[in-house]
Amino acid sequence: MSQIDDLPDTVAAAAFRRLVTHLQKRHDAENIELMGLAGFCRNCLADWIREAGFEGDKSAARAVIHGMPMEQWKTRYQGEATPEQLARMEDSLKKNQEMG
């Protein structure tokens, strides 16, 4: 059991909400950059809330995390990924797989 498991659910939920709110304000932190650096992005968070019991579909979960429908967010904020960004993302995803 990790120390994170010792956090009360209310504390963990508050931290998660703050993370999502932060990402909703920091549109310059693009998903491809998050994936390349940390191996997760807003879409991953949407998948994780669904896995945790969110009853909406993928589109609804992404709207919760992005603060707007995904297509609207992509139009406003998502640039075209460069080959370098895609390569960093692939390397980062490999690290995720190595972690198990």
Side-chain angles (χ1 to χ4, degrees):
M1 183 181 251
S2 70
Q3 291 179 332
I4 194 76
D5 293 329
D6 294 335
L7 281 177
D9 286 348
T10 55
V11 173
F16 175 78
R17 285 186 180 98
R18 186 169 180 181
L19 170 63
V20 170
T21 299
H22 181 80
L23 290 173
Q24 287 177 353
K25 293 177 182 177
R26 287 295 309 269
H27 302 294
D28 59 313
E30 289 193 45
N31 283 343
I32 190 72
E33 291 294 334
L34 293 171
M35 288 296 293
L37 178 64
F40 82 97
C41 69
R42 291 168 183 85
N43 297 333
C44 298
L45 291 173
D47 292 342
W48 297 344
I49 65 170
R50 290 185 69 216
E51 290 170 11
F54 178 75
E55 294 183 4
D57 64 9
K58 183 185 273 192
S59 178
R62 286 183 175 187
V64 167
I65 299 300
H66 286 82
M68 64 186 69
M70 177 67 182
E71 289 306 315
Q72 183 180 2
W73 189 89
K74 283 173 65 174
T75 299
R76 287 185 184 181
Y77 304 111
Q78 184 171 307
E80 191 69 32
T82 67
E84 293 81 13
Q85 288 173 315
L86 292 170
R88 278 193 303 273
M89 181 187 75
E90 290 300 322
D91 288 343
S92 186
L93 290 175
K94 287 177 189 173
K95 289 179 185 176
N96 286 0
Q97 292 173 350
E98 293 168 3
M99 293 177 8

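Starting from 1, each residue takes its place in the sequence as its number.
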Would you mind reporting whether S92 and M35 have side-chain heavy atoms less than 4.5 Å apart?
-> no
For F54, which fellow cluster members are found when Ile, Leu, Val, Met, Phe, Trp and Tyr are connected by side-chain heavy-atom distances below 4.5 angstrom, either directly or through intermediates?
-> F16, L19, V20, L23, L34, F40, L45, W48, I49, V64, I65
Mark yes when over 12 heavy atoms from residues, nucleotides or ligands other than D9 sit less than 6.0 Å from its CG; otherwise mark no.
-> no
Less than 4.5 Å apart, any side-chain heavy atom of R50 and any of K58?
-> yes
Beyond-backbone contact of Q78 with W73, side-chain heavy atoms, under 4.5 angstrom | yes
R42 side chain reached by Q24 side chain, heavy atoms, under 4.5 Å | no
Determine yes or no for a side-chain-to-main-chain donor-acceptor pair under 3.5 angstrom, with E33 supplying the side chain and E30 the backbone.
-> no
State yes or no: do V11 and I4 share one hydrophobic cluster built from I, L, V, M, F, W and Y residues joined by side-chain heavy-atom distances below 4.5 Å, directly or via other members?
-> yes
Are R88 and E84 side-chain neighbours, meaning at least one heavy-atom pair lies under 4.5 Å?
-> yes
Atom CZ of R76 and atom NZ of K74: how far apart are they, to the nearest 0.5 Å?
-> 15.0 Å
Rounded to the nearest 0.5 Å, what's the gap from CZ on R62 to CG on D57? Could you check?
-> 10.5 Å
Among Q72, H66, M68, which one satisfies side-chain contact (heavy atoms from CB on, under 4.5 Å) with M70?
-> H66
Residue set satisfying side-chain contact (heavy atoms from CB on, under 4.5 Å) with L86, at least two apart, ordered chain then number -> I32, A81, M89
